[in-house]
*Asks:* 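Have a look at the structure that comes next, please.
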Amino acid sequence: MASLVCLLLLPAATSSASGRLVPYDLLYADGVRAYFARDWGRAAELLQRALYSYAGLRAARRACRDACLREAAFLGEPPAAGPWEAALFDRVLQRADCLQHCLGSRLGVAPSAHRASLVIQRDFERREPYNYLQVAFFQLKKLDQAVSAAHTFFVANPQHLQMREDIEKYRRMSGVKSDNFRDLEAAPHWEAYEAGMQHYNADEYLQAVDRLEESLREALSALEECRALCEGPLEDEEKEEEDLQPGLYEAIAGTHYIQVLKCRQQCVLEIATKPGWISATEDFIPSHLDLLQFAYDQVGNQALAAECAASYLLFYPTDEPVLEKMKQYRAELGEDTAVTARENIRHYVQRSLMEKKLIYYATEHLGGTFNDPDLWTPDELIPENLKQKYSLLTSVLTSPTGSLPFEGITVTMDSQQMNGTQRVVFDRVLTESECKDLLRLTKAARGTGDGYRARRSPHTPHERFEGLTVLKAMQLAQNGDVDWRDAKLLLQASEKSRKIIESYFTPGKKLYFSFTHLVFSSPGEPFSYHPVHADNCLLDPEGKECWKEPPAYVYRDYSGILYLNDDFQGGSLFFTEMDTVTVTANVHPKCGRLVAFSSGKENPHGVRAVSQGRRCAVALWYTHSAEHAEQVKAAEENQPDGEEYQRADHNSRSSPEPLVPSGGARLTSQRHKSVSERTQHPKELRARDEF
């Protein structure tokens, strides 16, 4: 954040007259408006001010929380003769009063003026303003700032293929220096952690302990900032106003307070997730202590090594190797030397366990769910009936029993017959006639489709690959290049497949389309095959692991292939063990056959190359995350039957335009006025080619 502040030393971020911090979402809305008006100078100024305001708001909340913790502390016992309720709420009211005054004085306005919509909050969490800034700076010929903004956005969005191309273009430009590629939002604990790990792996333990200690300090500091931000207003956008409102104690216990506790618990995942990554580093805080105890031991500082080991044992008290090391340290230091855990780590563990206990109690007695972020949570802390519920849920998920929503469809092979888990083959999903209609669509679209644009397959150089998305099919139908009925059939077939897979694997839990692609492949030169891979992680056959990190599509949960023909040679699907060599199942294509499987490491798979003829199929990927769902809207007036289609690729992976923000800004806020004009926020802004 320090680099960001250096970049954004803009006093205009506050009102010159009163020192008021202008709400960041209003600055963002005006900045995006200026961007689309091609007023590059004003766009850059406003977007930088928005980032400065956002950082200032977070800093104010952290500082006020710390100050009010001291000024209105919840300490001591209520008077023996006095009512506990008065004693408790007296302190609650003092804390609320302290926070209101502190934030009001720091922000210059009531804290409620800084409430932005969840959409805007997510834009800033994903660094979307930098997506606009890099274009504005480029147009202003401020190449060094454009590169820094682009790099800052790309670090947090490494799957953004368009930005990847833009970064490569910047690298080829004259005048661009390597140090221009800096992350303006770099988290100090990650910089220190990565430097510490480099020293650690190089056996440079003196340097390693310095950087790892710095990383641990900064990580705990970032954790406190995250916890402070959890104490914001109750977020419940889906709640209907007509719902019966809970009483005083139910509202306190069952909604806002427990929401805050859950948010605080998830903070460890936030700080342990590197920008641009999806999954967190496991045991981030305990692993620091484990690394430090070894490093201190290597440099001969047994006292600090023992302290780190004792701190680590607070998380894992029965860890045999560390217990053995503790015996060794005590012998070396002498039995009279007291070895104690670090006080800040002891406080961290005790506080976390207290919060978990309250959350589990609320979950057991008041309902709701809790995804515990820690591996070290003691088993005895979890109520028995919640363990049983989880066990039952796991057995249901690993043994699908959902009924199928359509008649006539048969399960040809299940997981057991396919020697794996979460695998199934359905037949008779499409009729012969429907397969022919979709095959006609592939022929009509050949040369006008999208996807790999008739280039060689990215998996093997010996097979040519072409494809057509649902959105492109709709566009071709609007242009009269394909029959509307065929384009509509593609949409209906993919939706039918989604319902089948959802009902079989995840009954009661919504599956969204992540990506849908009508693919057709033909032989090239010498024959090869698509290498074995998993669909949501990076397969490591040697380590027998699958890393759920970008550039893998980590949000994908289920995959499917709907075959349209079998009049070709080769092209069969096969599943393997994690070694990518041991084949466990083969699936031969045929019209109307749907293969479905979970997208993770439990289902490594590959496709043999087509040696003769042309294989046609609909490739389908699904997600439980609504954020990654496809969203297409074909213009109603351009459709012959007045239907509106709501699915298609909403992200910009296949967008041909360089240097444009993806998807446009959805500026929906609780305030509908800009800073200057107080005009309504635009509902959707679409970017143009600016390069």
Side-chain angles (χ1 to χ4, degrees), residues 396-431 434-435 438 470 490-519 530 532-537 546 552-566 571-576 583-608 615-625 628-630 647:
V396 169
L397 291 178
T398 55
S399 302
T401 57
S403 59
L404 301 180
F406 303 99
E407 294 183 1
I409 297 172
T410 60
V411 176
T412 305
M413 289 192 288
D414 59 17
S415 295
Q416 185 175 0
Q417 293 167 303
M418 298 175 75
N419 304 308
T421 60
Q422 299 278 284
R423 305 173 183 174
V424 66
V425 176
F426 303 101
D427 276 330
R428 301 172 64 183
V429 174
L430 295 177
T431 65
E434 288 170 331
C435 287
L438 288 174
V470 174
L490 175 60
L491 185 72
Q492 292 172 333
S494 59
E495 174 63 14
K496 184 177 184 180
S497 301
R498 185 195 67 80
K499 289 181 177 179
I500 293 170
I501 295 172
E502 180 184 87
S503 65
Y504 186 81
F505 284 121
T506 65
K509 189 173 183 181
K510 178 74 172 177
L511 268 185
Y512 301 91
F513 284 96
S514 168
F515 193 61
T516 307
H517 208 200
L518 175 59
V519 292
H530 298 253
V532 175
H533 62 283
D535 285 345
N536 70 6
C537 54
C546 204
Y553 296 104
V554 296
Y555 47 81
R556 290 177 175 171
D557 294 302
Y558 286 92
S559 308
I561 304 172
L562 178 60
Y563 292 109
L564 304 180
N565 67 323
D566 59 5
S572 62
L573 174 73
F574 62 96
F575 292 88
T576 73
V583 176
T584 56
N586 288 283
V587 180
H588 300 284
K590 62 180 289 188
C591 164
R593 171 165 287 179
L594 172 64
V595 186
F597 48 93
S598 56
S599 304
K601 64 181 182 180
E602 64 278 2
N603 281 316
H605 59 281
V607 181
R608 296 183 175 88
R615 178 190 61 206
C616 300
V618 182
L620 306 144
W621 291 275
Y622 305 95
T623 177
H624 286 307
S625 170
H628 294 98
E630 291 179 321
R647 266 193 47 243

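The analysis underlying the following values was restricted to heavy atoms, covering all of them including side chains, and did not include hydrogens, waters or symmetry mates.
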*Asks:* As a quick check of understanding, evaluate side-chain contact (heavy atoms from CB on, under 4.5 Å) for H624 and L511, giving each step before the final call.
*Replies:* CA-CA 5 Å; H624 286 307; L511 268 185; 3.5 Å; yes
*Asks:* Going by the salt bridge (Lys or Arg N to Asp or Glu O under 4.0 Å) test, which pairs reach into residues 499-511, not counting sequence neighbours?
*Replies:*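 Passing the test, one end in residues 499-511: R498-E502.
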*Asks:* Side-chain contact, heavy-atom cut-off 4.5 Å: V411 with Q417?
*Replies:* no
*Asks:* Given side chains that start at C-beta, do those of V532 and F574 come closer than 4.5 Å, heavy atoms only?
*Replies:*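 With C-beta onward as the side chain, the pair touches.
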*Asks:* Write down the atom of S572, the atom of H588, and the distance for their closest heavy-atom approach.
*Replies:* CB-ND1, 3.8 Å
*Asks:* Mind checking what makes side-chain hydrogen bond (donor to acceptor under 3.5 Å, both in side chains) contact with D557, not counting sequence neighbours?
*Replies:*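 Testing D557 for side-chain hydrogen bond (donor to acceptor under 3.5 Å, both in side chains), a comparison that skips the adjacent residues, returns none.
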*Asks:* Hey, what do you get for NE2 (H517) to OG (S494), rounding to the nearest 0.5 Å?
*Replies:*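 Separation between the atoms: 13.0 Å.
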*Asks:* Who are the side chain to side chain contact (heavy atoms under 4.5 Å, CB included) partners of C616, not counting sequence neighbours?
*Replies:* L439, T442, F520, L564, N565, R614
*Asks:* Does A534 offer a backbone N or O that forms a donor-acceptor pair with the side chain of N603 under 3.5 Å?
*Replies:*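 Checking the backbone N and O of A534 against the side chain of N603, no donor-acceptor pair under 3.5 Å is found.
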*Asks:* The criterion is side chain to side chain contact (heavy atoms under 4.5 Å, CB included); which residues satisfy it with D566, sequence neighbours excluded?
*Replies:* K590
*Asks:* Determine the minimum heavy-atom distance between G560 and I501, stating which atoms define it.
*Replies:*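 Heavy atoms only, the tightest pair is CA-CD1, 4.4 Å.
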*Asks:* Test your reading of the model: is there a side-chain donor-acceptor pair from T623 to the backbone of Y555, 3.5 Å cut-off?
*Replies:* yes
*Asks:* Between S503 and P405, which heavy-atom pair has the shortest distance, and what is it?
*Replies:*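 Scanning both residues completely, I find the closest heavy atoms to be OG-CD, 3.0 Å.
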*Asks:* Is there a donor-acceptor pair closer than 3.5 Å between any side-chain N or O of S415 and the backbone N or O of Q422?
*Replies:*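 Yes: the side chain of S415 pairs with the backbone of Q422.
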*Asks:* Where the side chain of S598 meets the backbone of G600, is there a donor-acceptor pair that is under 3.5 Å apart?
*Replies:* no
*Asks:* Distance from L573 atom CG to R615 atom CZ, nearest 0.5 Å?
*Replies:*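 Going from CG on L573 over to CZ on R615, the span is 9.0 Å.
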*Asks:* Answer yes if the ring centres of F597 and F575 are under 6.0 angstrom apart, and no otherwise.
*Replies:* yes
*Asks:* Per the ring-ring contact (aromatic ring centres under 6.0 Å, His included) rule, which among Y504, F505, W621 passes with Y558?
*Replies:* F505
*Asks:* Could you please spell out the steps behind the side-chain contact (heavy atoms from CB on, under 4.5 Å) verdict for V587 and I561?
*Replies:* CA-CA 11 Å; V587 180; I561 304 172; over 6 Å; no
*Asks:* Does S514 reach the main-chain N or O of Y622 with its side chain, forming a donor-acceptor pair under 3.5 Å?
*Replies:* no
*Asks:* The criterion is side chain to side chain contact (heavy atoms under 4.5 Å, CB included); which residues satisfy it with I409, sequence neighbours excluded?
*Replies:*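 Expected list: L404, F406, F426, V429, K496, I500.
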*Asks:* Can you tell me how far CG of L620 sits from OG of S497, rounded to the nearest 0.5 angstrom?
*Replies:* 5.5 Å
*Asks:* Are Y553 and D535 packed together at the side-chain level, in the sense that at least one heavy-atom pair is separated by less than 4.5 angstrom?
*Replies:* no
*Asks:* Go through the steps for E495 and F513 under the test side-chain contact (heavy atoms from CB on, under 4.5 Å), then give the verdict.
*Replies:* CA-CA 9 Å; E495 174 63 14; F513 284 96; 3.3 Å; yes
*Asks:* Determine the minimum heavy-atom distance between L438 and L518, stating which atoms define it.
*Replies:*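 For L438 versus L518, the nearest heavy atoms are O-CD2, 4.3 Å.
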*Asks:* With sequence neighbours excluded, give me every salt bridge (Lys or Arg N to Asp or Glu O under 4.0 Å) pair touching residues 422-431.
*Replies:* D427-R593
